[in-house]
There are 2 protein chains.
Amino acid sequence: MSKKHVTSAEVAERAGVSQSAVSRTFTPGASASKKTAEKVRKAAAELGYRPNVLARAMVSGKSRIIGLVVAYLENQFYPEALEKLSNELQKRGYHLLIFLAEQTAGHIDIVVDEILDYQVDGIIAASVAMSSDLSERCRAAGVPMVLFNRSQDDPNMSAVTSDNYAGGRKVAEFLLAAGHRKIGHIAGWHGASTQRDREAGFISALAEAGVALHSRAEGDFSMEKATEATRSMFASDPPEAIFVANDHMALAVMDTLRFELGLKVPEDVSVVGYDDVPAASWPAYNLTTVRQPANRMVTNTVEILLDQIENEISETRRIAIDGPLILRGSAKIPEGWTT
Amino acid sequence: MSKKHVTSAEVAERAGVSQSAVSRTFTPGASASKKTAEKVRKAAAELGYRPNVLARAMVSGKSRIIGLVVAYLENQFYPEALEKLSNELQKRGYHLLIFLAEQTAGHIDIVVDEILDYQVDGIIAASVAMSSDLSERCRAAGVPMVLFNRSQDDPNMSAVTSDNYAGGRKVAEFLLAAGHRKIGHIAGWHGASTQRDREAGFISALAEAGVALHSRAEGDFSMEKATEATRSMFASDPPEAIFVANDHMALAVMDTLRFELGLKVPEDVSVVGYDDVPAASWPAYNLTTVRQPANRMVTNTVEILLDQIENEISETRRIAIDGPLILRGSAKIPEGWTT
DNA sequence: CTGAAAGCGCTAACAG
DNA sequence: CTGTTAGCGCTTTCAG
């Protein structure tokens, strides 16, 4: 039924050369005379031959597969990043094997084991908390890993994020300049480095102006929780402005403010988010936010990972890319504010 | 540096058994005595051994990798489907290798070749047009393929979609019952079967009521194009109601209507979409739409594919799952309308 | 430059 | 049930 895959041996026979000659013409760095290569390519084309990546992986130790661990795709930032990552990798001859990880501690371990089973050349962990233990296991297996949009205390783990601390500061400075003093924060999951850094930057800039956080609630990076957080924050003594730890939650916050609490944004409350997901620019929200430069984050991630894979550079690198505050209509704009 | 992967031979030695004994204890259907298995598992655990999936794939011919071809992830329906697909497959011991395909004819061919190189056990093609030629190539390679959310004229290609024709009819009946007679349609990409079926069902139900389409414009499944389509449709003699071929475009249509044209939805225009993506239920849109039952579509897709892979069932199946019209606030609700 | 030969790590007959 | 023996399809020494 299924015509078996054409092998290099069959091509060799048809081309009248050895099987190794076939291998060589399809191996980038190998030496084959123009004439031989010609014959081989011709025979290969006629037979529809293509090298078996898995067999190649077995002997070379390089599978050209990158494992991607990701927790959820609901937040629009991740599909976008996934798409860019995949494209960038595809261009370089690699492909992504997807692993969805539940945020429960034990599950991640299982997932990482499964990944390793596939002899991936590298791992990208997006939005997941990696224990040092786990990263140690990957290192032992000789599989480089880079964290995407999350960093870790572990100093020998490469990570690419936006400059969350600086971003948090920008939001505070912007809100302060607009004259707000009663400022609230709706936080994401406290275990995430992104959350901690954004909030730390935010608080520090507030503090420098002698302003303390007026109110705080946790939204856990989920829309439902963010909705509840908004309700409780506005139950009494509401703030004039809120910094929501990511856009995904900020959309829910705006909806709750407008359609449940009957408040006007930004007249009654200024709202600022973080990420600049596609929906942030949709007119219905028109959300002021800090952009995470997905393109540059992806480029850097791929570069670091492939450097480790192809050039065996083991130096760990941690990159935090600065992103601009995008002015839109969900927050009062300070007079004379530039950029 | 990188501690080489532990092999079954090493485990065998430590357990004092043959290498095949090790293989057998890790192969589901194989015969190994309780005692042997015990010893092997112990040794394996101590060494941290795990079977090499790629080596297994080479000899068994089963890689436990499913290739997923997808065009874009911007439309929220796809990340959602991807997440569910991956989860379902992961449960069954398979994993998704992602391939992003540009919609240009030539690129799909390249992508399919790349997929085949990885000796995938099966292919899921989501939202991409597959030529009969291409599907023939996969069949020749013995790799089953199922189309997700797109069907094809080719009768021996399995496909899972929602019942787009019935869905289109539902929208028409609903709009008609609300008393609308000047009804417009903003279409998606004309090459997509989903578009053709939705529109055909819509038109046919309209026709049965003696109503002709009042206006039509193409949005190509993109927000930008949908925005332009809305502008041109409302430039003169605007419709009272619009059926937009998918939610992704419908969001842009609503934004254009409200924020650019200053119209009220649904007071001035009723808008109905298709898919029921997450954003459709966000209060800012509250979009009336036909739900594509992603869960059931995924379940069916996986079942069909794994049946072909594991049970060598070659019968092609085409499934169209009925989805309900979800009543929300973007369209006038007919008096006494039920479900 | 080229062919022969040796495996990569594993499963699948095949005898015992 | 278990060990031995062949390979899966390919890259990579190693001689020539």
**Study point:** Passing candidate, side-chain contact (heavy atoms from CB on, under 4.5 Å) with A:Leu82, options A:Ile124, A:Ile98, A:Val298, A:Val70
**Key:**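 Result: among A:Ile124, A:Ile98, A:Val298, A:Val70, A:Ile98 is the only option passing the side-chain contact (heavy atoms from CB on, under 4.5 Å) with A:Leu82.
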
Practice item. Indicate, with a heavy-atom threshold strictly under 4.0 Å, whether A:Ser20 touches base, sugar-phosphate, or nothing. Key: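 Base: the residue A:Ser20, judged by heavy atoms under 4.0 Å, touches a nucleobase.
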
From [atom1] of [X] over to [atom2] of [N], roughly how many Å is that when rounded to an integer?
X	N	atom1	atom2	answer
A:Gln19	D:dC8	CD	P	11 Å
A:Arg64	D:dC10	CZ	P	16 Å
A:Asn52	D:dG9	CG	P	7 Å
B:His5	C:dG7	NE2	P	21 Å
A:Met58	D:dG7	CE	C1'	13 Å
A:Gln119	D:dG9	CD	P	19 Å

Review point. Taking for each residue the nucleotide of DNA chain D bearing the nearest heavy atom, is the 5' side occupied by B:Ala55 or by B:Ala21?
Key: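 Of the two residues, B:Ala21 wins.
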
Point to revise | Whichever of B:Gly16 and B:Ser60 has its nearest DNA chain D nucleotide further upstream toward 5' | key: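 Going by which nucleotide is closer to the 5' end, it is B:Gly16.
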
Check your understanding: Picking from D:dC1, D:dT4, C:dG3, which would you name as closest to the side chain of B:Ser18?
Key ->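 Output: D:dT4.
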
Check your understanding: Looking only at N and O atoms, is any donor in the side chain of A:Ser23 or the base of D:dT12 less than 3.5 Å from an acceptor on the other one?
Key ->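 Per atom types, no contact qualifies.
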
Exercise for review: Please confirm whether any donor atom in the side chain of A:Arg24 sits under 3.5 Å from an acceptor in the base of D:dT13, or the reverse.
Suggested key: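 It does, because a donor-acceptor pair links the side chain of A:Arg24 to the base of D:dT13 below 3.5 Å.
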
**Study point:** Phosphate OP1/OP2 of D:dC10 contacted by A:Thr27 side-chain N/O (<4.0 Å)
**Key:**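 It does not, given that no N or O in the side chain of A:Thr27 lies less than 4.0 Å from OP1 or OP2 of D:dC10.
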
**Study point:** Lys NZ or Arg CZ of B:Arg41 over B:Phe26 ring: under 6.0 Å, within 45°
**Key:**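 Yes, cation above the ring, under 6.0 Å and within 45°.
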
Point to revise | Lys/Arg cation over aromatic B:Tyr49: B:Arg14, 6.0 Å, 45° cone | key: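 Geometry flag: not set, cation outside 6.0 Å or 45°.
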
